[in-house]
Peer 1: 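What follows is a structure written as structure tokens; I'll ask about it next.
Keep in mind that this is a model prediction, so the values were computed, not measured. Heavy-atom basis, side chains included; hydrogens, waters and symmetry copies ignored.
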Amino acid sequence: MLTAFARAFRTPDLRKKLLFTLGIIVVYRVGTHVPIPGVNYKAVQTCVKEASGNQGLFGLVNMFSGGALLQITIFALGIMPYITASIILQLLTVVIPRLEALKKEGQAGTAKITQYTRYLTVALAILQGTGLVATARSGALFGSCSVAGQIVPDQAIFTTITMVICMTAGTAVVMWLGELITDRGIGNGMSILMFISIAATFPSALWAIKKQGTLVGGWIEFGTVILVGLVMVALVVFVEQAQRRIPVQYAKRMIGRRSYGGTSTYIPLKVNQAGVIPVIFASSLLYIPALIAQFAGGKSGWKTWVEQNLTKGDHPIYIASYFLLIVFFAFFYVAISFNPEEVADNMKKYGGFIPGIRAGRPTAEYLSYVLNRITWPGSLYLGLIALVPTMALVGFGASQNFPFGGTSILIIVGVGLETVKQIESQLQQRNYEGFLR
């Protein structure tokens with residue numbers, strides 16, 4: 001990987017793309033530290049220190065914003081509205097025929113869906129920004145913080161509207177920065193910003209584990225976390241690269257005096273076909289009852305039950321619900337993202353077949369059978385990886401700060417592998433060595 005980066009910086013056009021990407025990253029990180037108007041910055045810093053890594057319901061969004069959510073900055077919402085909008089559009093494409101037709105139109109249809117995603121992102125940013133401001137004003141953002149009620153001292157409607165507009169504009173700027181990286185830089189812009197946001201929280205989380213440790217000044221716990229993190233990265237890389245290759249033969253076709261086809265290829269079915277999306281779905285769904293209970297007034301039986309069982313990450317009911325939801329959404333997302341019947345029809349149209357399997361419906365049934373079998377280990381792997389922060393380091397009392405697990409490690413490894421592959425492919429195009437050097 002380091003060799004690929006060194007060669008990339010020696011290539012002028014690739015160097016420009018890498019430097020452009022790094023410049024956008026710097027702008028993004030600066031924006032995550034600029035507070036919005038109407039916020040008492042000193043009170044926010046006090047509450048962040050008192051929170052000491054326990055971010056409650058807002059942990060996922062705070063991670064995707066690189067810690068900007070709890071700082072209440074102009075990039076507080078980060079790329080979470082865009083991720084949510086993209087997932088919603090992807091799901092609606094299966095349900096709404098109009099969107100499905102746009103998807104099949106090629107580049108023009110994709111551009112239209114991208115425009116819809118932008119509009120939905122802004123709408124979601126307004127909703128989430130309003131919710132964040134309301135939570136900050138009520139003092140519920142940091143829970144038991146001693147100065148939680150002083151975070152937004154001015155309760156005027158104009159101040160609230162200004163704060164929401166600033167955060168919505170910040171989300172639009174983040175979306176624009178991501179698209180700039182995609183067009184002029186290296187890799188997928190949104191994925192790169194997501195990578196940077198998560199990686200930015202690692203140093204503080206690791207240092208918090210060291211400070212909370214008791215063995216040899218905390219260095220034993222610190223070294224153990226680093227070792228566990230390396231093992232986790234190796235495991236995730238191994239599973240993310242694993243795939244079942246289904247062989248496909250294409251029959252020869254005579255067109256005029258020339259024969260075409262007769263080639264052999266394969267359909268790569270990844271063990272983790274759904275990626276990190278089931279983890280995001282499960283986390284978001286579990287936050288809904290907890291958020292409703294947080295804003296509900298008074299005390300009732302259901303509110304007490306939710307607060308006791310669905311807001312604590314180490315509670316058995318929470319762990320079981322989280323795991324089962326991840327498994328369910330893994331199968332659900334694979335079912336809507338990979339259509340065996342469509343793949344079988346395309347193979348039949350171009351003269352392709354799986355050896356030993358008849359074309360058409362038998363091929364679709366075989367693909368469904370294989371996909372279901374490899375989705376089981378993939379979904380169980382996702383559930384176990386997502387529960388690592390809860391199960392690991394319980395003996396050290398620092399499980400809340402454990403960075404190597406769940407959504408973070410999956411995104412870090414996935415984006416890192418994809419970006420290095422893109423750099424390597426561009427290097428091969430420019431430095432191809434054949435027989436004549």
Peer 1: Between CD1 of I409 and CD of E240, what distance do you get to the nearest 0.5 Å?
Peer 2: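 Atom-to-atom, I409:CD1 and E240:CD are 10.5 Å apart.
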Peer 1: If you compare all heavy atoms of F338 against all heavy atoms of V343, which two are closest, and at what distance to 0.1 Å?
Peer 2: CZ-CG2, 3.9 Å
Peer 1: Is Y82 close to L124 at the side-chain level, that is, under 4.5 Å between some pair of heavy atoms?
Peer 2: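 No - every pair of side-chain heavy atoms lies 4.5 Å or more apart.
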Peer 1: If you measure from CG on L382 to CG on L410, what distance do you get to the nearest 0.5 Å?
Peer 2: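 Reported to 0.5 Å precision, the distance equals 6.0 Å.
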Peer 1: I'd like to know if the side chain of S379 and the backbone of A330 have a donor-acceptor N/O pair within less than 3.5 Å.
Peer 2: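 The answer is no, because no donor-acceptor pair under 3.5 Å joins these two groups.
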Peer 1: Can E100 and T93 be counted as having a side-chain donor-acceptor contact under 3.5 angstrom?
Peer 2: no
Peer 1: So, taking the atom named OG1 in T375 and the one named CD in Q273, what distance separates them when rounded to the nearest 0.5 Å?
Peer 2: 7.0 Å
Peer 1: Kindly indicate, with the supporting measurements, whether the criterion side chain to side chain contact (heavy atoms under 4.5 Å, CB included) is fulfilled by V248 and M347.
Peer 2: CA-CA 9 Å; V248 178; M347 288 171 53; 3.9 Å; yes
Peer 1: Below 30° counts as parallel, above 60° as perpendicular, anything between as tilted: where do the rings of Y366 and Y369 land?
Peer 2: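 Plane angle between 30° and 60°, so tilted.
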Peer 1: Less than 4.5 Å apart, side chain to side chain, heavy atoms only: is that true for L367 and L371?
Peer 2: no
Peer 1: S191 side chain to G187 main-chain N or O, any donor-acceptor pair under 3.5 Å?
Peer 2: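 Here the side-chain-to-backbone pair does not exist.
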Peer 1: On a heavy-atom basis, which atom in P355 and which in Q249 lie closest, and how many Å separate them?
Peer 2: CG-CG, 3.8 Å
Peer 1: Could you walk me through whether Q90 and Y333 pass side chain to side chain donor-acceptor pair (under 3.5 Å), step by step?
Peer 2: CA-CA 10 Å; Q90 199 168 9; Y333 187 77; 2.7 Å; yes
Peer 1: Please evaluate residues M167 and I36 with respect to the criterion side chain to side chain contact (heavy atoms under 4.5 Å, CB included), reporting the C-alpha separation (whole Å), side-chain torsions for both, the decisive distance (0.1 Å), and the verdict.
Peer 2: CA-CA 8 Å; M167 282 190 286; I36 60 175; 4.2 Å; yes
Peer 1: Could you tell me the separation between the CZ atom of R98 and the NZ atom of K103, rounded to the nearest 0.5 Å?
Peer 2: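 Answer for the CZ-NZ pair, R98 versus K103, is 15.0 Å.
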Peer 1: Measure the CD1-CD1 distance between I126 and I165 for me, rounded to the nearest 0.5 Å.
Peer 2: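 I126 CD1 to I165 CD1: 8.5 Å, rounded to 0.5 Å.
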Peer 1: Check whether any side-chain N or O of Q422 sits under 3.5 Å from a backbone N or O of T419 as a donor-acceptor pair, and report yes or no.
Peer 2: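 Such a contact is absent between Q422 side chain and T419 backbone.
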Peer 1: In terms of heavy-atom contacts, does CZ of R373 have more than 12 from other residues, nucleotides or ligands at under 6.0 Å?
Peer 2: no
Peer 1: Distance-only, no hydrogens or angles: does the T32 side chain make a donor-acceptor pair with backbone N or O of R29 under 3.5 Å?
Peer 2: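 A pair under 3.5 Å: yes.
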Peer 1: Measure across T121 and A85 and return the closest heavy-atom pair with its distance rounded to 0.1 Å.
Peer 2: OG1-CB, 3.4 Å
Peer 1: Under a 4.5 Å cut-off applied to non-hydrogen side-chain atoms, are T110 and E105 in contact?
Peer 2: no
Peer 1: Using every non-hydrogen atom in the two residues, find where V95 and P97 come nearest and quote the distance to one decimal.
Peer 2: O-CD, 3.4 Å
Peer 1: Would you tell me whether Q243 and Y266 have side-chain atoms, one donor and one acceptor, within less than 3.5 Å of each other?
Peer 2: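 On atom types as modelled, these side chains do not qualify, holding no pair under 3.5 Å.
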Peer 1: Can you tell me how the ring of F332 sits relative to the ring of F328, calling it parallel under 30°, perpendicular over 60° and tilted otherwise?
Peer 2: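 Because their plane-to-plane angle is under 30°, the rings of F332 and F328 count as parallel.
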Peer 1: Let me see the working for R118 and V122 under side chain to side chain contact (heavy atoms under 4.5 Å, CB included), right down to the final yes or no.
Peer 2: CA-CA 6 Å; R118 292 170 183 161; V122 173; 5.8 Å; no
Peer 1: Report yes if some heavy atom in the side chain of I186 is under 4.5 Å from a heavy atom in the side chain of F20; otherwise report no.
Peer 2: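 With C-beta onward as the side chain, the pair stays apart.
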Peer 1: Look at atom CD of Q115 and say whether more than 12 heavy atoms of other residues, nucleotides or ligands are closer to it than 6.0 Å.
Peer 2: yes
Peer 1: Would you say V271 and Y381 make side-chain contact, with heavy atoms under 4.5 Å?
Peer 2: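 They are not in contact (no side-chain heavy atoms under 4.5 Å apart), so the answer is no.
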Peer 1: Does E365 form a side chain to side chain contact (heavy atoms under 4.5 Å, CB included) with R361? I'd like the steps, not just the answer.
Peer 2: CA-CA 6 Å; E365 293 176 351; R361 185 175 180 82; 3.3 Å; yes
Peer 1: Please examine the side chains of V174 and Y28, heavy atoms only from C-beta on, and report whether any two atoms are closer than 4.5 Å.
Peer 2: yes
Peer 1: Which atoms form the tightest heavy-atom contact between I326 and A386, and what is the distance?
Peer 2: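 Closest heavy-atom pair between I326 and A386: CD1-CB, 3.5 Å.
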Peer 1: Is there a side-chain contact between V173 and I74 (heavy atoms, below 4.5 Å)?
Peer 2: no
Peer 1: Under 4.5 Å between any side-chain heavy atoms of L92 and Y116, yes or no?
Peer 2: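 The answer is no, as the side chains (C-beta and beyond) never meet within the 4.5 Å cut-off.
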Peer 1: Which heavy atom of L102 sits nearest to which heavy atom of K112, and what is that distance?
Peer 2: CD1-CG, 4.0 Å
Peer 1: Measuring from atom CG of L89 to atom CD1 of I96, what distance do you get when rounded to the nearest 0.5 angstrom?
Peer 2: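 Answer rounded to 0.5 Å: 8.5 Å.
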Peer 1: If the threshold is 4.0 Å, N to carboxylate O, is there a salt bridge linking R184 and E179?
Peer 2: no
